[in-house]
Amino acid sequence: MAAPLQAQTLKGFRDYLPETMAPRQAMIRAIEDTFARHGFLPLQTPALEYEETLMGKYGEEGDKLLYRFEDNGQRRVALRYDLTVPLARVVAQHRAELQLPFRRYHIAPVWRAEKPQRGRFREFLQCDADIAGVNSPLADAEVLVTGLQVLRSLGVEGARLHLNHRDVLFGLLELRGVTEKPQQIACIRAVDKLDKIGAAGVVAEIVREAQLDTQAAEQVVAAFAPGGGLKDLQQTVAVAGDSAPVLKQAVERLEAVLALVAAAGLADLITVDVSIARGLDYYTGIIYETRLTDPKVASMGAVMSGGRYDGLIGLFSKEQVPAVGISLGLDRLLAALQELGLLPTHLARVPVYVAVMDSQVAGHALHVAGLLRAAGLRAEVDLGGGKLGKQFERASKRGAQVVLVLGSDEVASQSAVVKDLGSGQQTPVSWTELPAFVASLLT
RNA sequence: GUGGAUGUAGCUCAGCUGGUAGAGCGCGGGUUUGUGGUACCCGAUGUCGCGGGUUCAAAACCCGCCAUCCACCCCA
């Protein structure tokens with residue numbers, strides 16, 4: 001006999017066994033439901049796109065991480081890297097059929113050829129909600145509120161959304177005399193690491209990467225340093241006055257968005273954080289990331305982020321269409337929750353087990369199981385046969401909560417013995433009473 | 001892409017300075033009659049990641065490869 005094939009998954013790709021898939025699916029449903037309740041409609045797009053659709057949208061690094069290849073018709077194609085660029089393509093391509101503002105949600109896997117790490121995979125599920133067609137604080141706030149409500153509906157505690165604005169970054173730098181784009185980007189990259197390598201480390205990196213002198217670098221860091229909250233920004237604006245119009249406008253935008261989120265009762269989940277940089281590729285307005293505060297999983301990075309991208313759709317169309325969105329990385333969130341022991345385990349178990357005394361009653365067992373299933377209860381029928389003790393053993397090993405025993409006596413009286421495996425108590429119940437009785441045991 | 005750590009039964013791991021492998025959990029069977037989980041008894045586990053080398057002898061030492069994890073980079 002030939003040796004069996006190697007059973008293996010690709011690096012960075014994973015199987016989701018029921019133990020993780022069951023809670024994962026419950027989360028997906030909750031997210032979808034929350035998106036829908038916030039007025040977003042479902043959209044789906046192909047996993048594969050033309051290479052040129054995706055190339056150059058994510059920056060140098062991003063291009064390297066695209067899965068690219070040639071299809072059987074010699075077309076250059078790539079697996080989607082996110083859900084935002086496909087959305088931009090859709091809005092441009094179906095512009096005539098869509099009514100603006102267009103609100104869509106999209107839950108689907110994306111692929112990035114990165115080096116896998118804890119909480120970082122090559123295939124992972126993104127859950128996005130975006131609004132195309134409106135550039136306003138209200139649209140920004142609507143998207144943020146939706147995202148925060150999603151986290152709430154998932155029961156995620158200890159998450160914090162760090163909000164910033166792209167023009168705050170550039171405005172602060174220009175105020176310090178850093179006006180060259182490459183220098184600005186180098187500075188922003190460095191500042192992004194403030195909480196990781198400290199102020200001195202950031203100064204060093206700016207001197208090295210942006211070729212500023214130490215004094216200038218220190219000034220830059222000072223502009224971002226002291227926690228970098230909204231108050232610091234407002235103070236900076238007050239001092240700078242009209243000499244920093246871009247900065248002023250960005251800060252006003254942040255104020256407006258924050259006020260709206262506060263009115264929705266979610267202010268305590270958001271803080272302004274000028275050190276948030278994010279990909280500078282297509283973002284043009286607010287940017288943000290959401291991190292879990294528990295130190296055990298803080299290093300896994302952001303679980304939900306996004307921002308405003310008013311120029312992206314225009315790349316695919318003559319018309320400029322502003323847009324803003326949020327993106328939740330479900331598999332990273334799931335990995336974090338799993339590590340924190342916050343995933344429910346009961347979902348991967350079937351609560352009702354129907355024992356079958358002998359083959360004579362098999363048909364009746366199916367009938368009884370059917371009564372429960374019709375009532376919305378999850379039930380499985382024993383398939384292994386054998387002694388009743390064996391069947392009970394299987395039931396409890398599988399995590400069932402209730403076992404129904406069905407023998408010829410029970411069939412004769414149109415009843416079943418219902419045993420609660422938790423308490424050990426058992427009761428004979430007629431078939432008509434069965435669904436209600438079992439349901440009462442499961443609550 | 002750069003640097004570091006790890007790789008022994010399904011899982012978590014032990015195996016001291018080289019003498020061809022162990023534990024716990026899990027798994028299978030049993031403790032007779034239509035009752036599981038707890039207890040007791042018995043049992044099977046394995047190219048010691050892969051390929052070379054050193055040696056009388058390698059799971060252990062050396063080299064290469066692969067995989068996983070961690071940090072950097074970047075990100076969800």
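Quick note: numbers below take in every heavy atom, side chains included, and nothing from hydrogens, waters or symmetry partners.
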Student: Measure the distance from CG on A:Asp82 to P on B:C75 and round it to the nearest whole Å.
Tutor: 12 Å
Student: Looking only at side-chain atoms of A:Arg118, point me to the closest of B:G34, B:C70, B:C75.
Tutor: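 Nearest listed nucleotide: B:C70.
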Student: With a 3.5 Å limit on both atom pairs, tell me what B:A59 is paired to, counting Watson-Crick and G-U wobble, or say none.
Tutor: none
Student: B:U35 base to A:Gln426 side chain: any donor-acceptor pair below 3.5 Å?
Tutor: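 Answer yes: a donor N or O sits under 3.5 Å from an acceptor.
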Student: Determine: side-chain N/O of A:Lys397 to OP1/OP2 of B:G28, distance under 4.0 Å, yes or no.
Tutor: yes
Student: Pick the nucleotide of RNA chain B nearest each of A:Gly407 and A:Lys115; which residue has the one closer to the 5' end?
Tutor: A:Lys115
Student: Look at the side chain of A:Arg253 and the backbone N and O of A:Ile286, then say whether any donor-acceptor pair between them is shorter than 3.5 Å.
Tutor: no
Student: Taking any heavy-atom pair under 4.0 Å as a contact, classify A:Gln425: base, sugar-phosphate, or nothing.
Tutor: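 Contact class for A:Gln425: none.
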Student: With a cut-off of less than 4.0 Å, is there a side-chain N or O of A:Arg189 near OP1 or OP2 of B:C74?
Tutor: yes
Student: Look through every strand shown and name the nucleotide pairing with B:G46 as Watson-Crick or G-U wobble, where both distances are under 3.5 Å.
Tutor: none
Student: Using a strict threshold of under 4.0 Å (side-chain N to carboxylate O), is an ion pair present between A:Lys390 and A:Glu393?
Tutor: yes
Student: Roughly how many Å apart are B:G26 and B:C40, using the P atom of each and rounding to a whole number?
Tutor: 12 Å
Student: With both distances under 3.5 angstrom, what nucleotide forms a Watson-Crick or G-U wobble pair with B:C40?
Tutor: B:G30
Student: Less than 4.0 angstrom between a side-chain N/O of A:Gln391 and OP1 or OP2 of B:G36, yes or no?
Tutor: no
Student: Out of B:U68, B:G29, B:A76, which has the shortest distance to the side chain of A:Lys11?
Tutor: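 Nearest to the side-chain atoms of A:Lys11, counting from C-beta on, is B:U68.
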Student: For B:A5, what is the paired nucleotide under Watson-Crick or G-U wobble rules, both distances under 3.5 Å?
Tutor: B:U68
Student: If pairing requires Watson-Crick or G-U wobble contacts with both distances under 3.5 Å, which nucleotide is the partner of B:C13?
Tutor: B:G22
Student: Which whole number of Å gives the distance between the P atom of B:A21 and that of B:A9?
Tutor: 14 Å
Student: How about A:Phe40 and A:Tyr105: are their ring centroids closer than 6.0 Å?
Tutor: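 Between A:Tyr105 and A:Phe40, which both carry aromatic rings, the centre distance is not below 6.0 Å.
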Student: So, A:Tyr283 versus A:Asn164: side-chain donor-acceptor pair below 3.5 Å or not?
Tutor: no
Student: Answer whether the closest heavy-atom distance between the side chains of A:Leu154 and A:Leu333 falls below 4.5 Å.
Tutor: yes
Student: Please check the phosphate of B:G36 (OP1 and OP2 only) for any side-chain N or O of A:Lys419 closer than 4.0 Å.
Tutor: no
Student: Look at all strands and tell whether A:Gly424 reaches a base, only sugar-phosphate, or nothing, counting heavy atoms closer than 4.0 Å.
Tutor: base
Student: When rounded to the nearest Å, what value does the distance between C1' atoms of B:A59 and B:G18 take?
Tutor: 10 Å
Student: Pick base, sugar-phosphate or nothing for A:Val303, based on heavy-atom distances below 4.0 Å to the nucleic acid.
Tutor: sugar-phosphate
Student: If you take atom types as modelled and just measure distance, does the side chain of A:Arg120 reach the base of B:C74 with a donor-acceptor pair under 3.5 Å?
Tutor: yes
Student: Both conditions, 6.0 Å and 45 degrees, for the charged tip of A:Lys181 above the ring of A:Phe170: are they met here?
Tutor: yes
Student: So for A:Glu114 and B:G1, does any side-chain atom that can act as donor or acceptor lie under 3.5 Å from a complementary atom in the base?
Tutor: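 Between B:G1 and A:Glu114, which were checked side chain against base, a qualifying N/O pair under 3.5 Å is absent.
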Student: Taking atom C1' in both B:C13 and B:C72, compute the distance separating them and give it to the nearest angstrom.
Tutor: 30 Å
Student: Tell me whether the OP1 or OP2 atom of B:A76 has a side-chain N or O from A:Ser305 closer than 4.0 Å.
Tutor: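 A:Ser305 to B:A76 OP1/OP2: side-chain N or O found under 4.0 Å.
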Student: For a quick check of understanding: with a heavy-atom distance under 4.0 Å over all strands, which category does A:Arg112 fall into, base, sugar-phosphate or nothing?
Tutor: base
